[in-house]
Amino acid sequence: MAHLFRELSLGHSKRESTPPPPPIQTQPMPSKLISTGSKKSPGSGPGSGQGKSKRPATLGELMRIQMRIPESVDSRVRRALLRIGGGLVGRRIESVVLPLELLQQLKQSDFTDQQEYDAWQKRNLKVLEAGLLLHPRVPLDKSNNLSQRLRQIIHAALDRPIETGKNNESLQVLRSAVMSLASRSDGSLSDSCHWADGIPLNLRLYEVLLETCFDINDEASIIEEIDELMEQIKKTWVILGINQILHNLCFTWVLFHRFVATGQVEMDLLYAADSQLGEVAKDAKTTKDPEYSRILSSTLSSILGWAEQRLLAYHDTFDSGNIYTMQGIVSLGVSAAKILVADVSTEYRRKRKGEIDRMEKADSSRRASKNQPNPLPVLAILAKDVGELAVHEKQVFSPVLKGWHPLAAGVAVATLHSCYANEIKQFISGITELTPDAVQVLRAADKLEKDLVQIAVEDAVDSDDGGKAIIREMAPYEAETAIANLVKGWIKTRLDRLKEWVDRNLQQEVWNPQANQEGFAPSAVEILRIIDETLDAFFQLPIPTHPALLPDLMAGLDKCLQYYVIKAKSGCGSRNTYIPTMPALTRCELGSKFQGVWKKKEKSQNFQKRNSQVATMNGDNSFGVPQLCLRINTLHRIRSEMEVIEKRIITHLRNCESAHVEDFSNGLSKKFELTPGACIEGVQQLSEAVAYKIVFHDLSHVLWDGLYVGEPSSSRIDPLLQELERNLLIISETVNERVRTRIVTDIMKASCDGFLLVLLAGGPSRAFSRQDSQIIEDDFKALKDLFWANGDGLPADLIDKFSATVRGVLPLFRTDTESLIERFRRVTLETYGSSARSRLPLPPTSGQWNPNEPNTLLRVLCYRNDETASKFLKKTYNLPKKL
């Protein structure tokens, strides 16, 4: 029927008196689209003579060639139309049904053969069926007998052709049924026949006519005579039921369809379609016709669907070679979407997100499936792919999309960020331990997030809020936090194991110097080795945050070592453990020296029995001096190794990829804070424990039970010195030289304390006369000489420092009794004031011996073996002679 409408469009104005329609409103075509004739002329197309190159002489001839109608067919139809036109006296062309009239005018002899005739007849019957039964302008009632009758006639004729070209009964029956249906009113006042104006038949016929605007020899170009041709095509509007708004929509579709059909390379076609769509947008705002709205929605949905299919997978569709086409497709898609929906951005972004998600998963699965020697975890590959996708997006696509969205790159990376977030957050929620794969994935996710945020920030640098809105949409992956939590879990596991090891091994440690050639406990060697291994393992973890997490590990190791130190010294006692409780004050019993010896010995036995209990009640005698010395060596070794470990940590930090200058300047994070102090305190405690254990416990038989018991001249210090010398030899052979001086010094302090304790609190078994003072002074000098060792022992100034108290007290023993009593009264009055005038108070024992301290003076009087002192003590304090 295309050639029929061609003839109608050309001859319409000559055959009816209806005023011509207003000029067609079509957007000007881009000059590049207009065929210049440099290519093969339309006159050389189908139906033209062989070898002709001239252009058609008339518009009718051009249209025939454009519609590919053979000259023979054109001649036959022209003759029929002339006969039909001759019978339209006073009638308009739209009042006839052309397919019916052609069947009436043309007979079999007008065709070259029976086959052509049969095909022509069937074609006309099909047009009648389509226009009157399948797609009528006026809807049919299901009970309409005429429609059923026409359907029967057409189907019968299709099976058995009727004779045409005559006014026979078959044609009369057909005419009656056709005209009855075609003449039904659509509500207008015109007397038009409705046989080709039903939707979508009319639109399809009109689309065929519009296709004639394209050069048949260059399908992507429009002929030069486009304007004249359009004016002729417009004459069919009255028959096809077309108006300006339907023309705008149809022409938009034809331009778009031609762009797609010709390989999507002629961008001017796309720009023309987009421009024509602007007219459609205006029509859509002013037209409320529901039928038009349905056609509009269907047409634009097809255009938008095609554009979305290209754009939602635009990374697959476009590249740097054809990116220029993307802008036109985006513009067309956005224009169509704006007509269809009020806001395109949400829907566009939702669909793009789904498509990107699909692309990422497909691409990553493909890469992950490759046989690699050391395949990366899939999510690490996905992070790398998403990062590359974001960079490609920023460089290639965002400059194009920025024309429609000011933050095109920001929206894109926010979408990518959200897509990857779904995967990484599920992964994070499922990991329970630190593995190389887990760290690799988390590091890749962290790098991806930083790269995406950086792109978003750069893209939004000129926006009002600086991109804050986009950044807020990008909920953090918290990959660094996940890594930190995993590392903290790893640290906790290691530390828990280390603490269990400390408890177990310290219970098994025998602290036997003979079993330890190195001079310190094997458990210390082992714990230091474990700490080294733990630090090595920590710095080998493939994480970017070693400096940040190192303080947690250091604090934990520090506590474990401190725990070891505390456990190692526990139960060993201290200085106060071995110092005996001083007996109550008594006065000397005057009488026979010989008799007094026996009495004093008896008292001494009772006193020492009790005193021994006092001395050991708080200590553990299972800890001998060699064992204590081994513990001291062990604590000293641990403290020494702290500096070595700290230097090794600095070396590790220098090799870390994420280390900064401030990580080295901040020393606290790399140092043990608790253990060094605990070692110093432990060595001090154990050193004093060793010293006072030797003097007051191990040598009690020569100190408490022997020194100055009975007659001072016969119970001097020599046995004590011999025993001290033996113990000092053990110390020198056992203790590390770096702490040896400290222990020897503590032994000297303990010896001085013990010497004073014998003189000032030795109990009733001891008594001293003024003549004994020389013996005491000589013995004390011998004690100092033992520690000086002719210059090989302690320094003289150290000896003088710690013997000062004894040196200050010894002159009291050669002072006469009356002077002592007077001195005691004066010091007591000075201490207690006027309240002491009526009765001298008993000064309490402070343990801080001093020649000007009342209790020290009182004790010298208590152990003075003369009558004056005894009477003074009896009268003043009523002190007994016995305990």
query = Between the side chains of Gln848 and Ser846, does any donor sit under 3.5 Å from an acceptor?
reply = no

task = Output yes when a side-chain donor or acceptor of Arg864 lies under 3.5 Å from a complementary backbone atom of Ala869, and no otherwise.
result = no

query = Arg637 side chain to Ala521 main-chain N or O, any donor-acceptor pair under 3.5 Å?
reply = no

ask   = Any chance the side chains of Ser574 and Gln685 put a donor and an acceptor closer than 3.5 Å?
value = no

query = Is there a donor in the side chain of Ser769 and an acceptor in the side chain of Asn865, or the other way round, less than 3.5 Å apart?
reply = no

inquiry  = Side chains of Asp746 and Tyr692, heavy atoms from C-beta outward: is any pair under 4.5 Å?
reply    = no

inquiry  = Assess whether a salt bridge exists between Glu500 and Arg504, defined as any Lys/Arg side-chain N lying under 4.0 Å from an Asp/Glu carboxylate O.
reply    = no

ask   = Looking at side-chain heavy atoms only, is the closest gap between Arg740 and Ser732 below 4.5 Å?
value = yes

ask   = What orientation do Tyr708 and Phe768 show, parallel under 30°, tilted 30 to 60°, or perpendicular over 60°?
value = perpendicular

Charged N-O contact under 4.0 Å between Arg826 and Glu822 = no

query = Hey, is Asp496 close enough to Lys492 for a salt bridge, meaning N to O under 4.0 Å?
reply = yes

message = Main chain of Lys647, side chain of Thr651: is a donor-acceptor contact present, judged purely on distance under 3.5 Å?
response = yes

request  = Report yes if some heavy atom in the side chain of Leu857 is under 4.5 Å from a heavy atom in the side chain of Arg823; otherwise report no.
outcome  = yes

inquiry  = For Tyr564, give me all partners under ring-ring contact (aromatic ring centres under 6.0 Å, His included), at least two apart in sequence or on another chain.
reply    = none

No-hydrogen, no-angle side-chain donor-acceptor test under 3.5 Å, Arg859 and Thr845 = yes

query = Considering all heavy atoms of both residues, which atom of Leu840 and which atom of Tyr877 are nearest to each other, and what is their separation?
reply = O-CE2, 3.2 Å

message = Side chains of Asp536 and Gln540 only: does a donor on one sit below 3.5 Å from an acceptor on the other?
response = no

query = Does Arg575 pair with Asp753 as a salt bridge, N-O distance under 4.0 Å?
reply = yes

task = Flag the pair Leu630 / Thr734 as yes when at least one side-chain heavy-atom distance between them is below 4.5 Å, and no otherwise.
result = no

query = Looking only at heavy atoms, which two atoms of Val510 and Gln627 are closest? And how far apart?
reply = O-CG, 4.3 Å

key: Interatomic distance, Asp779 atom CG to Leu720 atom CG [nearest 0.5 angstrom]   = 9.5 Å

ask   = Any side-chain donor-acceptor pair under 3.5 Å between Thr856 and Glu853?
value = yes

request  = Please lay out, stage by stage, how Asp797 and Lys801 fare under the test salt bridge (charged side-chain N to carboxylate O under 4.0 Å, His left out).
outcome  = CA-CA 6 Å; Asp797 58 342; Lys801 176 182 177 181; over 6 Å; no

message = Quick check against the 3.5 Å criterion: does Ser714 have a side-chain atom that pairs as donor or acceptor with the backbone of Gly710?
response = no

